[in-house]
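Note sheet for the following structure.
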Amino acid sequence: MSIAPDNKSGGDDILDNTLRPNKWDEYIGQDSIKQNIKIIIQAAQKRAQPPDHLLFYGNSGLGKTTLAYLIAKEMNRPIRLASGPALERAGDLVAILTNLSDGEILFMDECHRLNKTIEEYLYPAMEEYKLNLILGRGPMARTMELKLPKFTLIGATTRPAMLSSPLRNRFGAVFQLNFYTQGDIEKIIERSSRLLNIRTEKQACQIIAQRSRFTPRVANRLLKRVRDFAEVEGDGLITSEIAERALGALEVDEMGLDPSDRRIVETIIDKFSGGPVGLQALAAATQEEEESILDINEPYLMQVGFIERTPKGRLATKLAYEHFGIKYPHLI
Ligand SMILES: Nc1ncnc2c1ncn2[C@@H]1O[C@H](COP(=O)(O)OP(=O)(O)OP(=O)(O)O)[C@@H](O)[C@H]1O
Ligand SMILES: [Mg+2]
């Protein structure tokens, strides 16, 4: 089974919700983002105004949705969820915007996938809290201005480069969520163990953290799978031995690479002599979706220094050769 961070099948949505931090203290890591957001919220509250529109970007499972919920909680405001690709017509967006209440937070997930026509309705809504509706067609057409409640838009995207610049520029603050440190992931696993009533030895927690791709969602998912193993094979206590065995059975190696990551790196090395290879050719040779290579595998493989992206395509690095025990062909 895949451990990809955005594969939310198999009850992972429920897992996300049960483990989602509800207080600032429970939101581990990302300290400077937390600090900045707290200031934005406090300043807005002092002025009795809604906070600026905020944009969060970063890989899947790093905590963008969680942050949006936290802000709503912190401000004691309702939050409404919307998603870029789910809005098919401008009317869908108009319906959402006109139903907001004053001070409400609108969370727009995957905002890079908003349809361009719909996106244009957002511009005046974000800037001046108004909508310009066009009624009728041709010479009879006229525009009508509709006032909207003062809301805060929180946008989230895994692909900031695909966001149009007019939309991006209308966010008052943009935050990039980074991969977590080993220590932070360990804290997240400890917290999740407490919440799920799982007994986990300290060393086992370190082992799971090491293989979690520096990503909270992956950490929680691996913890859950290792727990299954511990319950079937032992008395439920997650020892380091059980953790090692379970992760081995899940084909997650000591660097956190899953079978699809390995296939990608090995294909670059074996079939393309280490690269450079273009995305399309790589997707065809590995039978992976281009999208999942871009969103799931590549960010992590680059983070651990196994592949490099050059204008000519992807290259396998010396580190990758070493990890797979293959002789590096070039002199450095
Ligand atoms: N800083 C954090 N501290 C503790 N747990 C976290 C943190 N960030 C995320 N999590 C956990 O990871 C899960 C996934 O986070 P979240 O759904 O917010 O990710 P996301 O960035 O919105 O991902 P996607 O792009 O796939 O929507 C959450 O349910 C939560 O349990
Ligand atoms: Mg999300």
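Numbers here are sequence positions counted from 1. As the structure lists them, so they are numbered: ligands from 1, and atoms in each ligand from 1. Only a predicted model underlies this, so the values are computations on that prediction, with no experimental measurement involved.
Only the side chain of Pro21 comes within contact range of ligand 1, with a heavy atom under 4.0 Å; no backbone atom does. At a heavy-atom distance under 4.0 Å, only side-chain atoms of Tyr180, from C-beta outward, approach ligand 1. Neither the backbone nor the side chain of Leu67 has any atom closer than 4.0 Å to an atom of ligand 1 (non-hydrogen atoms only). The backbone of Glu26, and not its side chain, has at least one atom closer than 4.0 Å to an atom of ligand 1 (non-hydrogen atoms only; backbone = N, CA, C, O). Proximity of Ile188 to ligand 1, defined as any heavy-atom pair under 4.0 Å, is confined to the side chain (atoms from C-beta onward).
Shown are Val304, Ile307, Leu301; of these, the side-chain contact (heavy atoms from CB on, under 4.5 Å) with Asp261 is made only by Leu301.
Remark: among candidates Ser60, Gly58, Ala156, the nearest residue to atom 26 (O) of ligand 1 is Ser60, based on non-hydrogen atoms. Among Ala219, Ser83, Gly63, the residue whose heavy atom lies nearest to atom 19 (O) of ligand 1 is Gly63.
With sequence neighbours left out, Arg168 forms a side-chain hydrogen bond (donor to acceptor under 3.5 Å, both in side chains) with no residue at all.
Ring pair Phe151/His53: centre-to-centre distance below 6.0 Å.
Residue Thr65 counts as close to the Mg ion (ligand 2), with an N, O or S atom under 2.8 Å.
Ionic pairing of Arg170 and Glu127 is present here: one or more N-O contacts between side-chain nitrogen and carboxylate oxygen are shorter than 4.0 angstrom. Between Glu291 and Arg159 a salt bridge is recorded (basic side-chain N to carboxylate O distance below 4.0 Å).
Contact between Gly29 and ligand 1 is absent, with no heavy atom of the residue lying under 4.0 Å from the ligand. Ligand 1 has Arg20 within reach: a non-hydrogen atom of the residue lies less than 4.0 Å from it.
Between the side chains of Glu119 and Ser164, at least one donor N or O sits under 3.5 Å from an acceptor N or O. Looking at Asn220 and Ser192, their side chains do bring a donor and an acceptor atom within 3.5 Å of each other.
The Thr158 neighbourhood of ligand 1 comprises atoms 25 (O), with distances under 4.0 Å to a heavy atom of that residue. For ligand 1 and Ile28, the ligand atoms under 4.0 Å from any heavy atom of the residue are 1 (N), 2 (C), 3 (N).
At a threshold of 4.5 Å between non-hydrogen side-chain atoms, the residues Leu87 and Ile96 count as touching.
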With a cut-off of 3.5 Å and sequence neighbours excluded, list every side-chain donor-acceptor pair involving residues 36-44.
residue : atom : partner : partner atom : Å
Asn36   : ND2  : Ser32   : O            : 3.0

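The shortest N/O to N/O separation between Arg191 and ligand 1 does not fall below 3.5 Å.
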